[in-house]
**Q** 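Supplied in C-alpha cells, the structure appears directly below.
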Amino acid sequence: MKKYAIILAAGKGTRMKTELPKCAYPLLKKPMIAYIVENLYKSTVIDELITVVGHKKQIIKDILNSRVTYAHQEEQLGTGHAVMMCKDLIKEPGYTIILPGDMPLIDELVIKDAIQFHENENNDLTVVSTKLNDPSGYGRIIRVKKKLQAIVEEKDATEKQQEINEVNTGIYIVDNELLFGSLDKISNNNAQNEYYLTDIVKVLKKDNKKISTYLLKKSFKAMGINDLYNLSQAESILRHEINKKFMRSGVAMINPDTITIGDNVVIEQNVTISPNTYITGNSIIKKNAKVGPSTEIHNSVIGEDVNIKHSLIYNSEVKANSTVGPFAHLRDGAIIGENNRIGNFVEIKKSSTGKTFKASHLAYIGDAEIGNDVNFGCGSITVNYDGVNKYKTQIGDGVFVGCNANLIAPIIIDDNSTIAAGSTLDKNVPKDTLAIARSYQVNKENYFKNGKRINIKKK
Amino acid sequence: MKKYAIILAAGKGTRMKTELPKCAYPLLKKPMIAYIVENLYKSTVIDELITVVGHKKQIIKDILNSRVTYAHQEEQLGTGHAVMMCKDLIKEPGYTIILPGDMPLIDELVIKDAIQFHENENNDLTVVSTKLNDPSGYGRIIRVKKKLQAIVEEKDATEKQQEINEVNTGIYIVDNELLFGSLDKISNNNAQNEYYLTDIVKVLKKDNKKISTYLLKKSFKAMGINDLYNLSQAESILRHEINKKFMRSGVAMINPDTITIGDNVVIEQNVTISPNTYITGNSIIKKNAKVGPSTEIHNSVIGEDVNIKHSLIYNSEVKANSTVGPFAHLRDGAIIGENNRIGNFVEIKKSSTGKTFKASHLAYIGDAEIGNDVNFGCGSITVNYDGVNKYKTQIGDGVFVGCNANLIAPIIIDDNSTIAAGSTLDKNVPKDTLAIARSYQVNKENYFKNGKRINIKKK
Amino acid sequence: MKKYAIILAAGKGTRMKTELPKCAYPLLKKPMIAYIVENLYKSTVIDELITVVGHKKQIIKDILNSRVTYAHQEEQLGTGHAVMMCKDLIKEPGYTIILPGDMPLIDELVIKDAIQFHENENNDLTVVSTKLNDPSGYGRIIRVKKKLQAIVEEKDATEKQQEINEVNTGIYIVDNELLFGSLDKISNNNAQNEYYLTDIVKVLKKDNKKISTYLLKKSFKAMGINDLYNLSQAESILRHEINKKFMRSGVAMINPDTITIGDNVVIEQNVTISPNTYITGNSIIKKNAKVGPSTEIHNSVIGEDVNIKHSLIYNSEVKANSTVGPFAHLRDGAIIGENNRIGNFVEIKKSSTGKTFKASHLAYIGDAEIGNDVNFGCGSITVNYDGVNKYKTQIGDGVFVGCNANLIAPIIIDDNSTIAAGSTLDKNVPKDTLAIARSYQVNKENYFKNGKRINIKKK
C-alpha cells in the first residue's frame, strides 16, 4: 500500500495582485508551497509527493526541484480537474492526501494525525474539517446522527445550515482507486463550469463508502491565503510560534514582536536577540551569541559568543568570539575568523580573515585573504577593481596596515610588514618591511590672519 | 444652497503637554487638522471650509494656508462661542457641518454619508452619534419612542441614563440660519462659564425643528485626541488601516506591525516592504520596488525595480533599477539615475548622477553633477566645503575615480578621464586624461625585528 | 518594631535554559531581582532587605551589592527552608514581607498597599492572593464564610476546589516571631522532600492566629517568570506601561510598539521618539529632543533640542542643539558639545568636542580633545593606534581639517590652523598655520584611447 500526497498549486491567485503564482509567494522569505512540501517530508508518512502545476509552472518547479513529481494542469478547470491530472502518477493501491498549496500553516503534526485517524477508522474518505467563529464563505459540514451527511456550499445552504460553524478545510484523505473512480463521475455542470473536488463526497456517499471527518482543532492551521493581507495574518501566527519555540528553548528575545525569524533558522541556547532584528534563510546562530538590535542576517552562520549589532550579514560566516558592528556589512562569502573585531562602517565581501583580525572602522575589504593577528587601519581599502576586472589582495600574518591606505590589487603584503598611514601601494611588500608612499609634512605659518584663512583652493 | 464646514481648532490641548496647539500635532508626521481638511476636500460635498483658530493660531494657519478661511476666537469661551465667531463668514442659506479639529479619523466616507443622511431626512439638525462599550465621560443620547429627545451630559445624567451607550460625537450638521439663531439663545450660565455648542439641540428641540441622529457605526472614527497616549491609539488604528489597504492592493509587507507608513504615501503593486521600515510624507514607491528592512524614506520617489535596504532617503529620487544601501544616505535633492549602485556608507546630497553610476562604498558626493557610466571609488570624496562656502563638482561620462581620492571643488573632471587612487586633485582634468597626485612607494626592509615593529611615529 | 523583606533568589530556574541564575536574568537589560529591590526601596516602608542566595550566588551579589543583606541557602530544600536561612538576620520584633525573586512586576504601590493592609487589619499573617482566569497550577484560596480557611495545592484540590480562581501569589507578610516559630513546625514529608513556605498557613491557622488575604486586583503584577517566553510576556506588560507613562507626560511616540524603553530611563516633555528605537540603562533624554528612528541609546545623556537618527550612542553625552546621525556611533565617554553636527558614518570614542564642532561624514575621532568652531573633514582620521598603544590628539579652536587627512597621534593641532585635504601629518601644527603633505597633481593626457583606458596598475 502506497501513500501519496497531491498538492494543488496550479492557480494564479488573482487577488494576490502580484506577479508570482500564489503558491510560490514567500512567507518569511520561503515560498508558501515549500512549507507544505517540507512538512509532508517531516511527517515521514508519505511515500510520494505530486504537485499539480499550471500557471507560471516553471517558477513552482524551480522552487521544489526534484523534491516532488509534477502533474500538469494546462487549463484551470477546477480542483477536481486538477486532481484528475494526477491519475497516471498514482498507479498503486493505497491512499492519497490532497492539500491546497496555499495553506502554509498545515504542519507535520496535522498531517501525521489526520493520516493516523484515516487508518484507524479504516476510512475510504476522510474529510478534514474545522470549526470557525465566522464560517461564512466555507462549505458547511452537514451531519445526521453525528455522521457526515454532506458538504453544502455557502450559496446552496439553507439559513439553518448557514449557522453550522464546522467547515470543510479542503484537505482530504482518500483511497486511490475510489478517488479516480469518483472523479470520473463528477461533472462541471455548475455556475463556474468547473470540476469541484468536493463533489467526490456525494459520489462516495451514494456508493455507501466509509466517510468521516477529522476535526482540526487549531483552525488557524487551515488558514488559506487569498490576498497579501491574509498572508500577513498567517505570517503573524507563524512568527509568534517560531519566536515562542525559541524562547521556550532558551533564546532570550527583547521585544519579540519586532523580531522576525524565518522558519528554517537554527538558534542555540543562551542566545540573546535584541529588538528590530530580522534573521532568515538557513542561518545558524550558535550558543551564547548576541544579535541585534537592528540587525539583518540571511543564510549565515554566527559562531559561539559572537556579538553583532546594527549590521547586515548575507551569505557569510562569523567564527567564535568575534564582534561585528555597529553598521558593518558582510556579504558574498565573507569568512570572519575567531576573535575578530569588525567595527563600524566596515564592508567585507568574498574575503577570509585569520584569528584576531581587526578592522575597527571605515574600511573596505574585498577579494582578500588575510592571515592572523592583522590590524587593518581606519579608512583603508583593498583597491580590487579597475573598472573592468576584480583582483585579489593577500595579507600575511602579523601585518599592520595604517590608516587611509590603498592596497592596489593584485598585491601581496607579506608577514609582519607595516604599511604607513596615508600610503597608496601598487607593489608587493616583502616580509618584515615598512612600505611608505607619502609626502613630507610642510607647515606654512601665518596662514590665518585677521580672523580669516587664506584660500588654498585654486583660483 | 451653500454647504459649509466649520472645524474647531482654537484649543490649546493642555493634556497633550506639548508646545504645539493640539490640532497642529502630527499623526504619522502630518498635523491632525490636515487630515480633517483633506478628508473634507476628498468628500467633494463641501463648498467652503472655515477653521476657527485661537491658541497659537499662526501655527494652524501655516499648516492649512489658503485651503480654508479663518475665523478667530481670541478668548476661549466654549465650542458654542467658537462657532459664533463664524457668523460673518456664513452669509448664504444652506447648512454647515461642524467638526472638532482633534478627530483625525473622521474620513470622507463618514462626511459624505452623514451629509447624505441630513439631506435625505430633510433635517434641520443632524447630530452624529455613536455607540461605545464604555460611554463614561460622553454626553448621552436620550430617546423617546426612538426619537432624539435630548443630549444629557455625564454629570447631569441619572443612573439609568448613564447606562445608555449611545453618545454624542460632537459632530453636527445644521441649517445655517437656525444655527446662528439658536446660538443667540444659549448662555454661559454653567460651571465653566462657557457657551456649549450642544445647547443648540435644546433650543431647536423647543422650536420643534426637525432633529435626528446619524449613527456612526465604526465608533473608532470619532475618537477624539486628548493626550499623546490617545494619539498613539488613533495612530495604531490608522497605521493598520493604511497597511491593510496596501496589502489588499498587492503590496507585500513582512511583519507589518513594524512598518510605519504615512497617510499620503503612494505604493504601487508588487512592491515588497521589509520589517522596521518607515515611509512618510509625499513619498511614491513604484512597481516592483523592494524597500527595507530598517529603512526610512521621506518625501522621495523610488523608481520601478529599485532595491533599498538599511538606508535613509530624504527629499530625493531614485530612478528605475537602481540599488541603494545598506547604510546609504540620500538627502536634499539627490537625484539618482537609472541602474545606479549606491552602496554602503555612501552619502549623496544635492547631486545628480547619470545612468549606471556606481559609488559602492564609503563615499561622499555633495553638490555634484555626474554623467553616465561613472565609477566613484571607495573612500573618494567631493571636497565641496572650505569652511565658508560650498563649491560644485562636475564629472563627465565614462570617468573612473580611483579609491580614496579627493576632488577639491570647484573642479571639472572631463569625459573618460581616470583619477588614480589616493590622489588629491585641485585642478581640472581634461578629457581622456589620467590625473595622479601621489608619492612613489618605498619599501624599507628589516623594519620588523625580534618580534617587534620599529616605531615610525615621531618621537 | 522593625520591617524586613526577604527576597527568595536562590533558585536556578532550570526552565529558563540559560546560564544565569533565574533572578539575575535581565528584563529590558536590568536584572529581574533589581526591580524588586528597587521597588522595595521606593516603597519606603521596609527597614531591612534580606536576599536568600544559593545557585551561582556571586552573580546575584554582584548585581545587588550592599543594597541588601544576604542569607545563604547552600542546598535548595524548598521555599520554607530558604526563609529559615534568614533566622539569624531577623532578630528584632516586627514583621517580614516575603517575595519571590522572579516577580519583577510587583511594584512599590503593591508593596505599600499590602503592608498598609497588614497593619490596618492587625494581622499575624497576610497572604497576598489574586484572581486568575486560568488558575491551573496555582494553590487555591479556600474560604469558609469569606475567611481564609486553607491554601490547597492544585494536586490536592477537589474538583470543586479546582474551580476556585483566587490563588496564592507566594507573597506573605508575617510576624517575625510567628514566622520562625511556625517554620520550626513544618516538615519535608512530601513528594519532593522540600520544606514549603505555604505550610506556615496551616500551622498558624491551627494556632488560631489572625490570618487574612490581601487581594491583588491587577493580577499581572504577580506574574512569576518560569521561562524566557514568560519573561517576554512580563516585558510586554512593562514596556506598554513605561511607554504609556511617558506619552501621558508629554512624550510623543510614533509606532510605540516598536519602541523599547528601559525602566530607569528619564525622558522629558515635548520629546519625540520615532519608530524602532531602543533606549536603556540610565539614559536621560532632555526637553524637545528628537530621537530615532532606528536608534539605540544606552547609559547616555541627550541634551535639549538634540536630534538623533539611525545611530548608536553608548555611555556618552550629547549637549544641547546638536544633531547626530544618521549612522553615527558615539561610545566610551564621547562628550559632544553644543551645536555640534555629527553626521553619517562618523565614530567618536573617548573624546570631547567644543561648541559648533562639525564632523559631517566618514570620520573617526578617538582619544581626542577638540576645541570650539572646528571643522573635521570628510574621511579624516585621528590615527590613535600603532598596534600596541593608543595616543592622544589635541585640536585647538577654529581649526579646519580638510578631507581624508590623517592626524598621527600624539599630535597637537593649534588654534586656527588648517590641514590641507589628503595630508598625513606626523608633526604638530602651530597656531594659524597651514599644514600640507601631498604630491602635486599631474595630468597625463591621451590615457583613454579607442574606448579603453590604459592600465595603470603594476604588471
Side-chain angles (χ1 to χ4, degrees), chain B residues 16-19 25-26 28-29 227-229 231-232 235-236 239 257-258 260 276 278 294 296 312 327 329 345 347 362-364 379 381 383 385-387 398 400 404-406 408 415-418 420 422-427 429-439 453 455-458, chain C residues 243-244 246-258 269-270 274-276 288 293-294 309-310 326-327 343-345 360-362 375 377-379 386-388 391 400 402-404 408-410 418 420-423 426-427 438-449 453-454 456:
Chain B
M16 298 290 278
K17 298 180 181 167
T18 63
E19 315 222 325
Y25 211 86
L28 295 177
K29 287 199 185 172
D227 64 24
L228 289 172
Y229 182 62
L231 187 76
S232 80
E235 189 216 72
S236 176
R239 261 192 298 109
D257 290 348
T258 68
T260 311
N276 311 314
Y278 185 33
S294 296
E296 180 184 4
L312 169 57
F327 313 115
H329 183 202
F345 324 125
E347 173 187 3
L362 292 161
Y364 169 61
I381 294 169
V383 183
Y385 182 54
D386 63 1
F400 183 88
N404 263 332
N406 296 307
I408 302 181
D415 293 354
N416 297 320
S417 58
T418 303
S423 298
T424 295
L425 302 192
D426 52 8
K427 294 190 218 27
V429 181
K431 270 180 85 159
D432 303 344
T433 295
L434 167 67
I436 186 160
R438 73 183 186 220
S439 304
R453 216 170 292 279
N455 197 341
I456 55 159
K457 285 190 309 85
K458 64 183 183 277
Chain C
N243 287 1
K244 193 201 277 191
F246 281 127
M247 287 189 264
R248 287 258 158 89
S249 74
V251 174
M253 295 193 180
I254 302 171
N255 201 345
D257 289 349
T258 68
Q269 222 167 296
N270 210 37
S274 291
N276 311 313
N288 308 328
S294 297
K309 45 174 82 168
H310 300 269
F327 312 115
N344 42 202
F345 324 124
S360 303
H361 2 236
L362 292 161
N375 185 88
C378 179
D386 64 0
V388 183
Y391 301 93
F400 185 88
C403 295
N404 263 333
I408 303 181
T418 303
S423 298
D426 53 8
K427 294 191 221 20
R438 70 183 187 221
S439 304
Y440 286 101
Q441 175 179 347
V442 178
N443 284 343
K444 300 186 181 178
E445 303 202 2
N446 299 314
Y447 179 77
F448 188 91
K449 276 184 186 164
R453 218 170 289 279
I454 293 156
I456 55 161

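Here the structure is a predicted model, which means the values were calculated and not measured. Worth knowing before you read on, the calculation uses all heavy atoms, side chains too, and leaves out hydrogens, waters and symmetry mates. Note on naming: letters A, B, ... go to the chains in the order of the sequence lines (proteins, then strands), and numbering restarts at 1 for each one.
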**Q** So does B:Lys431 have more than 12 non-hydrogen atoms from other groups sitting under 6.0 Å from NZ?
**A** no

**Q** Under a 4.5 Å heavy-atom cut-off, does chain B meet the side chain of C:Asn446, its backbone, both or neither?
**A** backbone

**Q** Does any non-hydrogen side-chain atom of B:Ser294 lie less than 4.5 Å from one of C:Asn276?
**A** no

**Q** Say you draw a straight line from CZ of B:Phe400 to CZ of C:Phe448; how long is it, rounded to the nearest 0.5 Å?
**A** 12.5 Å

**Q** Can you tell me how far the CD atom of B:Glu347 sits from the CG atom of C:Asn344, to the nearest 0.5 Å?
**A** 3.5 Å

**Q** Kindly say whether B:Ser236 contributes a backbone atom to a donor-acceptor pair with the side chain of C:Asp257 at under 3.5 angstrom?
**A** no

**Q** Would you give the length of the straight line joining atom CG of C:Asn243 to atom OH of B:Tyr229, rounded to the nearest 0.5 angstrom?
**A** 9.5 Å

**Q** With only heavy atoms counted, which part of B:Tyr385 is less than 4.5 Å from chain C, the side chain, the backbone, both or neither?
**A** both

**Q** Look at the aromatic rings of B:Tyr364 and C:His361 and report parallel, tilted or perpendicular, splitting at 30° and 60°.
**A** tilted

**Q** What's the spacing between B:Asn404 CG and C:Cys403 SG if we round to 0.5 Å?
**A** 11.5 Å

**Q** Is it the backbone or the side chain of B:Leu362 that comes under 4.5 Å from a heavy atom of chain C, or both, or neither?
**A** both

**Q** Who among B:Asp227, B:Asn416, B:Thr424 has the most heavy-atom pairs with chain C under 4.5 Å?
**A** B:Asn416

**Q** With a 4.5 angstrom heavy-atom cut-off, could you sort out which part of C:Val388 is near chain B: side chain, backbone, both or neither?
**A** neither

**Q** Tell me the closest heavy-atom pair linking C:Gly250 and B:Thr18, and the distance in Å.
**A** O-CG2, 4.2 Å

**Q** Enter the distance from C:Lys444:NZ to B:Thr418:OG1 here, rounded to the nearest 0.5 Å.
**A** 12.0 Å

**Q** With only heavy atoms counted, which part of C:Lys449 is less than 4.5 Å from chain B, the side chain, the backbone, both or neither?
**A** neither

**Q** What part of C:Ser423 lies closer than 4.5 angstrom to a heavy atom of chain B: side chain, backbone, both or neither?
**A** neither

**Q** Under 3.5 Å, side chain of C:Gln441 to main-chain N/O of B:Asp426, donor-acceptor pair present?
**A** yes

**Q** Donor-acceptor check, side chain of C:Arg438 to backbone of B:Ser439, threshold 3.5 angstrom: yes or no?
**A** no

**Q** Pick one of side chain, backbone, both or neither for C:Phe327, based on which atoms fall under 4.5 Å of a heavy atom in chain B.
**A** side chain

**Q** For the atom pair CZ (C:Arg248) and CG (B:Leu228), what is the distance rounded to the nearest 0.5 Å?
**A** 10.5 Å

**Q** Please check: side-chain N/O of C:Gln269 versus main-chain N/O of B:Lys17, any donor-acceptor pairing under 3.5 Å?
**A** yes

**Q** Is there a side-chain contact between C:Asn255 and B:Glu235, using heavy atoms and a 4.5 Å cut-off?
**A** yes

**Q** Would you mind reporting whether C:Ile254 and B:Thr260 have side-chain heavy atoms less than 4.5 Å apart?
**A** yes

**Q** Is it the backbone or the side chain of B:Tyr278 that comes under 4.5 Å from a heavy atom of chain C, or both, or neither?
**A** side chain

